[in-house]
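Down below is the structure, laid out as structure tokens.
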Amino acid sequence: MAMPRPTVAQFAYGSCTVVFSAFALLLLSGTSSGAGIALVVVAALALGLLVAMTAPRSKSRPVPVPRSLPREPVRVTLPSPATVPAAREAVRERAVS
């Protein structure tokens, strides 16, 4: 089963959330240790993923179906049986000569 692809808006919301939340958490926590920075980064990524997944997906628009107008019946004119043998004789004469 194929997974649905994220939209451009979901990428944008998630990326902005990761960047701004990581920046804010690092400023507010004042951490300088490697473990603290790693925890802030993981929290920012989790928050960005949450925001991206809850962003509304664009709804696909239904394709309008063109309505066809009522058509007139097709009228075909067939040759009368009297003219058909004469036409065949003309074709045979051209083929022989």
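It should be emphasised that the depicted structure is a prediction, and the values quoted were computed from it without experimental measurement.
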Notebook entry, point to check: Taking a hydrophobic cluster as the set of Ile, Leu, Val, Met, Phe, Trp and Tyr residues connected by side-chain heavy atoms closer than 4.5 Å, whether directly or through intermediates, do Leu26 and Val41 fall within one such cluster?
Noted result: yes
Next item on the list: Might you point out which heavy atoms bring Gln10 and Met53 nearest each other, and give the distance in Å?
Entry: NE2-O, 4.5 Å
Margin query: For Gly36 versus Thr31, what's the shortest heavy-atom pair and its separation?
Written below: CA-OG1, 3.6 Å
Check: Are Ile37 and Leu45 in one and the same hydrophobic cluster, where Ile, Leu, Val, Met, Phe, Trp and Tyr link if side-chain heavy atoms are under 4.5 Å apart?
Finding: yes
Next item on the list: Decide whether Tyr13 and Leu47 are clustered together by the hydrophobic rule: side chain heavy atoms of Ile, Leu, Val, Met, Phe, Trp, Tyr closer than 4.5 Å, transitively.
Entry: no
Check: For the side chain of Thr54 and the backbone of Val51, is there at least one donor-acceptor N/O pair under 3.5 Å apart?
Finding: yes
Check: Taking all atoms of both residues into account, what is the closest heavy-atom pair of Ala43 and Leu25, and its distance?
Finding: CB-CD1, 4.3 Å
Checklist line | Closest heavy-atom pair and its distance - Ala52, Gly14 | finding: CB-CA, 4.0 Å
